[in-house]
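Below: the structure, in structure tokens.
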Amino acid sequence: MPAVQETIDRVRKIDVDQYKYGFQTEIEMDKAPKGLSEEIIRFISAKKGEPDWMLEWRLGAYRRWLTLEEPTWARVHYPKIDFQDIHYYAAPKSTPGPKSLSEVDPELLKVYEKLGIPLKEQEILAGVQKTEESELEEANDNVYKSGRVAVDAVFDSVSVVTTFKKELAEAGVIFCSISEAIREHPELVQKYLGSVVPTSDNFYATLNSAVFTDGSFVFVPKGVRCPMELSTYFRINEKNTGQFERTLIIAEEGAYVSYLEGCTAPQRDENQLHAAVVELIALDDAEIKYSTVQNWYPGDAEGKGGIYNFVTKRGDCRGDRSKISWTQVETGSAITWKYPSCILRGDDSSGEFYSIAVSNGYQQVDSGTKMIHLGKNTSSRIISKGIAAGYSQNTYRGQVSAHRKATNARNFTNCDSLLIGDQCGAHTVPYMEAKNATAQFEHEATTSKISEDQKFYVMQRGIPEEEAIALIVNGFVKDVIQQLPMEFAVEAQKLIGISLEGSVG
Amino acid sequence: MLEIKNLHARIVDDGTEIIRGLDLTVKAGEVAAIMGPNGSGKSTLSYILAGREDYEVTEGDILYNGQSILEMDPAERATAGIFLAFQYPMEIPGVATMEFLKVAMNEQRKARGEEPLKIPEFLKRVKDAAGLLNMDMNMLKRPLNVGFSGGEKKRAEILQMKLLEPKLCVLDETDSGLDIDALKIVADGVNALRSPDRAIVVITHYQRLLEHIVPDSVHVLYKGQVIKSGDKSLALDLETNGYAGVIGQAA
Ligand SMILES: Nc1ncnc2c1ncn2[C@@H]1O[C@H](COP(=O)(O)OP(=O)(O)O)[C@@H](O)[C@H]1O
Ligand SMILES: [Mg+2]
């Protein structure tokens, strides 16, 4: 639990207007001209050396996309995006397949160093094993266990470094970029890609299907427990590069995998669009844990700049007794439009959604989940903690539905909102729909303000105001933090402290 | 150590004056008791000492070691050595007591330019202090004050006080909600902190606590003023005759 202390240190180091990760690297980019057309899609596909079926799949999505309208139902407002004013492809000029650290672009290593989160890349790349348990952690009831993490770095669209591949391969786990998977494991990709989020799903997902440039692919075969956490950095680096990541994770019967996604982005003036798609598939008795710490540039003090984050994440509990768990800590982006969902198809399957969404400044967050109960005896659990500060708007939007055949569907939803100051807003929009009379849905929601009494009490012990708020907020989100792997838990607490900076006085 | 001079203070929200020309001096090494009927402004005085923003000082000054503290925020005052054991300690959900203690101690150390405590040293200090107060270490894993009984909250306040080693301790109704055994433990805890370089202000409206923490001076607060000061016999006098007599004299 040195995390709170670190939050405090971290907060102290940063000036109000200085976004810590707001630097630009000088890696040469190799990019497509602006705009979107069949030609551009052919260019992307050719750049990646894709088979014909993949190109056709993209083109199909593109044609579909042309017929779709941008959705307007979310509580977010932004100027119209000019989709012809975006580069759809940018790749670092990479030497193919670095075999050791010395072969990796030093600029990239520098970026890792500056990122510093959620892991020390150098150590990871060198395969350093961490043990950071202490008596205090025990005393604090923490169950975090440190471990190793394999990193698949997505550096502006192309995976540059993949580590731990060998050990994973020995276990039979495939962990690589989606581009590589398309080339090396076409049968798996063809079987599962788009099977959870179809190309026609929604405006952004359809766009993603047409133009996705990279992302990660994970396949954990039957009965295998993935020997380490898998982690990917997403990082938007080139000016005006739309990021269209595509992630596909498959856990076969009885398999287990925990996947971490973390993001930072450099500061810039123009808004950047990000429209990722993540698909998870869990077969019988499989379990997938997917954790995100999202810290993209939220815009400056006036709300200018910042990332538009329109993400489609969905998990399919396809098999009986399968389990999918989403945990997210959202602190960044100007606009967040994101609803990681679970389709509880298998009997006795379960889905979880643990979320912390922090908004400050002029950020707009519209996030939540969908739990769709299709199988018998399915259960879902939603814990959402929204923290709004500054002039931000923070909406939880959730849907829980039980279909006709979903006997004994159970859901527990708890949405708590915390307001800091009185210029911000928190909103809860829950939809519940049970077509089967045996469904049991429970919903709790609270909205509170950080109380002056609490703040005074904490400060009276010598804890300065911003640290006091960070401490109280970290307490408020504890239930969710505990769901994160340790590396992310520590990071998440820091980020929460950082993102609430300037929310007082 | 503490000099309050002609202090006038009002509630920021509605302008009501609560402290109306209060004078009080407490020397280093002294234990001063502040007594007075409910609503006389005892808690308000403690809040103003600690720097609560709901109150505005309109006249007078508070000197701590000769320096005015009116411009300091609560955290700065705490770091300077002023500690308030609250009448109603706040619950801090999700923050383990242990974690809170560590952050508070290390923040104060940092402000003084000291290194953060090493974890074994921190644990040792907490264990020792908790042991003296008869507190179970398991309780310290729980979020601070959440679900604590009245007595547990008061003990947790004294625990924090011991660990933070303040120079000016203000205890607001620390005896309320304590049974006699707990009262003794807490009083022993406070007595152990008595030292020539530390001043302790004990706010209470019963004599009971003062049997265990014997004060050097007793001050009666009424309608925002100290209307009478004396030695410990004044507390006994109040116990037998009630406040009416003293209030009558002052009026
Ligand atoms: N923040 C506040 N808002 C309204 N009234 C207050 C506030 N603080 C103190 N008071 C009033 O001031 C008076 C003194 O209160 P307090 O200091 O709590 O007395 P004591 O601790 O001596 O019982 C009471 O009448 C109380 O209601
Ligand atoms: Mg009182």
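Worth knowing before you read on, the calculation uses all heavy atoms, side chains too, and leaves out hydrogens, waters and symmetry mates. Naming: A, B, ... by sequence-line order, numbering from 1 per chain.
Chain A forms the most heavy-atom pairs under 4.5 Å with one residue out of B:A75, B:G51, B:A78, and that residue is B:A75. In terms of heavy-atom pairs under 4.5 Å with chain A, the best-connected choice from B:A104, B:P166, B:A80 is B:A104. With chain A as partner, the option from B:L164, B:V95, B:L84, B:T79 having the largest number of non-hydrogen pairs under 4.5 angstrom is B:L84.
In B:Q67, the CD atom is not crowded: 12 or fewer heavy atoms of neighbouring residues, nucleotides or ligands sit closer than 6.0 Å. For B:F148, the CZ atom is densely surrounded, since the number of other residues' heavy atoms within 6.0 Å is greater than 12. Atom CD of B:E115 has 12 or fewer heavy atoms from other residues, nucleotides or ligands within 6.0 Å.
A salt bridge does not link B:E53 with A:K455: every distance from a Lys NZ or Arg NE/NH1/NH2 to an Asp or Glu carboxylate oxygen is 4.0 Å or more.
Heavy atoms of B:R77 lying under 4.5 Å from chain A are absent altogether. With a 4.5 Å cut-off on non-hydrogen atoms, B:E91 touches chain A through its backbone but not through its side chain. Contact annotation for B:Y88: neither backbone nor side-chain heavy atoms come within less than 4.5 Å of a heavy atom of chain A. For B:L101, no part sits under 4.5 Å from any heavy atom of chain A, backbone or side chain. At a 4.5 Å heavy-atom cutoff, A:V477 makes no contact with chain B through either its backbone or its side chain. Residue contact with chain A, scored on non-hydrogen atoms closer than 4.5 Å, is absent for B:P143.
Side chains of A:F456 and B:M90 form no contact here, defined as non-hydrogen atoms less than 4.5 Å apart.
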* Using the salt bridge (charged side-chain N to carboxylate O under 4.0 Å, His left out) rule, take A:K478 and B:E99 through it: C-alpha gap first, then chi angles, then the decisive distance, then the call. => CA-CA 12 Å; A:K478 171 110 181 283; B:E99 169 69 13; over 6 Å; no

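The distance from atom CD of A:E467 to atom CD of B:E107, rounded to the nearest 0.5 Å, is 5.0 Å. Separation of atoms CG (B:D73) and CE (A:M459) is listed at 4.0 Å; rounding is to 0.5 Å. To the nearest 0.5 angstrom, A:I463 atom CD1 is 8.5 Å from B:Q108 atom CD.
Formation of a donor-acceptor pair under 3.5 Å by the A:Q460 side chain with backbone atoms of B:I82 is found in this model. Between the side chain of A:Q454 and the backbone N or O of B:I92 there is no donor-acceptor pair closer than 3.5 Å.
The aromatic rings of B:F100 and A:Y457 sit parallel, their planes meeting at an angle under 30°, below the 60° perpendicular limit.
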